[in-house]
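Below is one structure, written out as structure tokens, with a few remarks after it.
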Amino acid sequence: MFAHGQTVIQYVERLAPKSLAYEGDKIGLHVGTLQKQVKKVMVALDVLESVVDEAIAEGVDLIVAHHAVIYRPLKNIRTDMAAGRVFEKLIKHDIAVYTAHTNLDVAVGGMNDWLAEAIGLNKVEVLDVIHRDSWKKLAVFVPASHRDAVFQAISEAGAGFVGNYSHCSFQTEGTGTFMPGEGTNPFIGTKGKLEKVEEVKLEMVVPASRQSAVVKAMLAAHPYEEVAYDIIPLEQAGTGYGIGRIGVLPQPMTLRQLAELVKERFSLQGLRVVGDLDGQVKKVAVVGGDGSSFVSKAIFKGADAYLTGDIGYHTAHDAQAEGLSIIDAGHNIEKIMKQKLADYLNELLKANGYQTEVIASTMHTDPFQFV
């Protein structure tokens, strides 16, 4: 059984909800349709002609990309020019393209967490918090026979996370009463007769962003025709979401050693460095892609060094004056998302019984090289 296109994208958006994207970001379906079965998915950083040729050769039905294939407004689609050929090939071979950009950057367990993990950062926090999710409490009354099924379903949908702990709940046993009326089809009981049932009140916290998914999972797992549940807003602040990460290295090292580590972990020919190569580095900020606008945030958060890409000349001077070292490893270090996202999707698809295969593009799309 192969997954429907919408199912694959639901899994992508479980990791990187659209609500996390920056306003105006070019995310979502760019080319083709998701209303089809998908036998093979390819994860790519950029949708260049070489990447599309690779997708055709691999028999791919859907490309999930980080960078938008339609970023600037299209004035034409000329198939005698490089940009037009990309769309011609995608449409002729029925290959859909879906983009997850800043929502994947911001996501917990997404792009910037992968970058931080790659260089071994500990005690990782968000560098620039954009917004905080609010918390709700879900309380649902479940017959004792279905306690575990409903508990597991809503836990997997995103309820019950407290810090680094999952499946957190409070369960109270009691007696529920109800009388089925005309037109009902009760799971337990008889029409017109008052019933008393041993039930469990299951209480779990839910991020507001996961409320819809949790309620849907709860209703699907619950045996009752009419489910009794409450959703209560809570005062405490939820998870902070934003761009970049900041953390500490397992042990201090020189800037030169950190630069060499970055080269090795991201398979780079070279990189640009600002700062004293023999200076000690402990606290490191990371932003995938163009990180010029987050230099001041890295300084404010006390970073010794900042790993990012696309740093401008004058921005480098400003950082140098403030004592912040910079490792400009280029925009293309975001290529880490190809295998990471492919592994994530393969795991989910397999766990749900789908034969759909997800591969990572092997095309090198960095336009820069060192000579």
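Since we're looking at a predicted model, the values are computed, not measured. Residue numbers run from 1 in the order of the sequence given.
- Aromatic ring centres of F187 and H146: separated by under 6.0 Å.
- Not one N or O on the side chain of K191 forms a donor-acceptor pair closer than 3.5 Å with the backbone of N185.
- Judged purely by distance below 3.5 Å, without hydrogens or angles, the side chains of S209 and D133 pair a donor atom with an acceptor atom.
- No hydrogens or angles considered: nothing links the side chains of H364 and N332 as a donor-acceptor pair under 3.5 Å.
- The distance between the ring centers of H331 and H67 falls below 6.0 angstrom.
- Considering E203, R147, K201 in turn, R147 is the only one that fulfils the side chain to side chain donor-acceptor pair (under 3.5 Å) rule with Q171.
- How far OH of Y241 is from CG of D128: 16.0 Å, rounded to the nearest 0.5 Å.
- No hydrogens or angles considered: nothing links the side chains of Y354 and Q37 as a donor-acceptor pair under 3.5 Å.
- Side chain of N112 to main chain of D105: a donor-acceptor pair is present (N/O by atom type, distance under 3.5 Å, no hydrogens or angles).
- One distance of note links CG of L249 with CD of Q280; it measures 10.5 Å at 0.5 Å rounding.
- E195 places a side-chain N or O within 3.5 Å of a backbone atom of T190 that can act as its donor or acceptor partner.
- Not a single donor-acceptor pair under 3.5 Å links the side chain of H30 to the backbone N or O of V97.
- Between the side chain of K283 and the backbone N or O of K301, at least one donor-acceptor pair lies under 3.5 Å.
- Looking at D366 and K335, no side-chain N of the basic residue comes within less than 4.0 Å of a carboxylate O on the acidic one, giving no salt bridge.
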H66 and H101: CA distance, side-chain angles, deciding distance, side chain to side chain contact (heavy atoms under 4.5 Å, CB included) verdict:
CA-CA 5 Å; H66 186 52; H101 188 219; 3.6 Å; yes
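- Hydrophobic cluster membership differs between V47 and V38, with clusters built from Ile, Leu, Val, Met, Phe, Trp and Tyr side chains linked at under 4.5 angstrom.
- Under the 3.5 Å distance criterion, with hydrogens and angles disregarded, no donor-acceptor pair is assigned to the side chains of Q152 and D148.
- Cation-pi contact between K26 and Y71: present, with separation from the ring centre below 6.0 Å and deviation from the ring axis of at most 45°.
- Of the candidates V206, V142, V227, M218 forms a side-chain contact (heavy atoms from CB on, under 4.5 Å) with just one, namely V227.
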For the pair L277 and V273, evaluate side chain to side chain contact (heavy atoms under 4.5 Å, CB included) and give the outcome as yes or no after the intermediate values.
CA-CA 8 Å; L277 289 172; V273 182; 3.7 Å; yes
With side chain to side chain contact (heavy atoms under 4.5 Å, CB included) as the test, would you mind laying out the steps for L202 and V150 before giving the verdict?
CA-CA 9 Å; L202 177 59; V150 174; 4.2 Å; yes
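- Put simply, OG1 on T308 and CD1 on I333 are 6.5 Å apart, with the number rounded to the nearest 0.5 Å.
- R265 has no carboxylate O lying under 4.0 Å from a charged side-chain N of E260, or vice versa, which leaves the two without a salt bridge.
- Between E88 and K92 there is a salt bridge, since a side-chain N of the basic residue sits under 4.0 Å from a carboxylate O of the acidic one.
- D53 has a carboxylate O that lies under 4.0 Å from a charged side-chain N of K89, or vice versa, which qualifies the two as a salt bridge.
- Remark: the backbone N or O of M363 is paired with a side-chain donor or acceptor of K338 at under 3.5 angstrom.
- Inspection of the T33 and Q35 side chains reveals no N or O donor paired with an N or O acceptor under 3.5 Å.
- Formation of a donor-acceptor pair under 3.5 Å by the N103 side chain with backbone atoms of A16 is found in this model.
- Between the side chain of D328 and the backbone N or O of R272, no donor-acceptor pair lies under 3.5 Å.
- A side-chain donor-acceptor contact under 3.5 Å links D276 to the backbone of D278.
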I'd like to know whether Q211 forms a side chain to side chain contact (heavy atoms under 4.5 Å, CB included) with L138, so could you lay out the CA-CA distance, the side-chain angles of the two residues, the decisive distance to 0.1 Å, and finally the verdict.
CA-CA 9 Å; Q211 178 180 322; L138 169 67; over 6 Å; no
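- Hydrophobic clustering places L62 together with L45 (ILVMFWY residues linked when any side-chain heavy atoms are closer than 4.5 Å, directly or through intermediates).
- Rounding to the nearest 0.5 angstrom, the gap separating the CG atom in D318 from the OH atom in Y313 is 11.5 Å.
- Ion pairing between R245 and E125 fails under the 4.0 Å rule for side-chain N and carboxylate O.
- Side chains of D25 and T102: a donor-acceptor N/O pair is present below 3.5 angstrom, by distance only.
- Defined by atom type and a distance below 3.5 Å, a donor-acceptor pair is present between the side-chain atoms of T362 and E54.
- With values rounded to the nearest 0.5 angstrom, E13 atom CD is found 11.5 Å from L104 atom CG.
- Side-chain contact check for Q6 and Y11: no donor-acceptor pair (N or O, by modelled atom type) lies under 3.5 Å.
- The line from CD of E334 to OG1 of T365 is 10.0 Å long, rounded to the nearest 0.5 Å.
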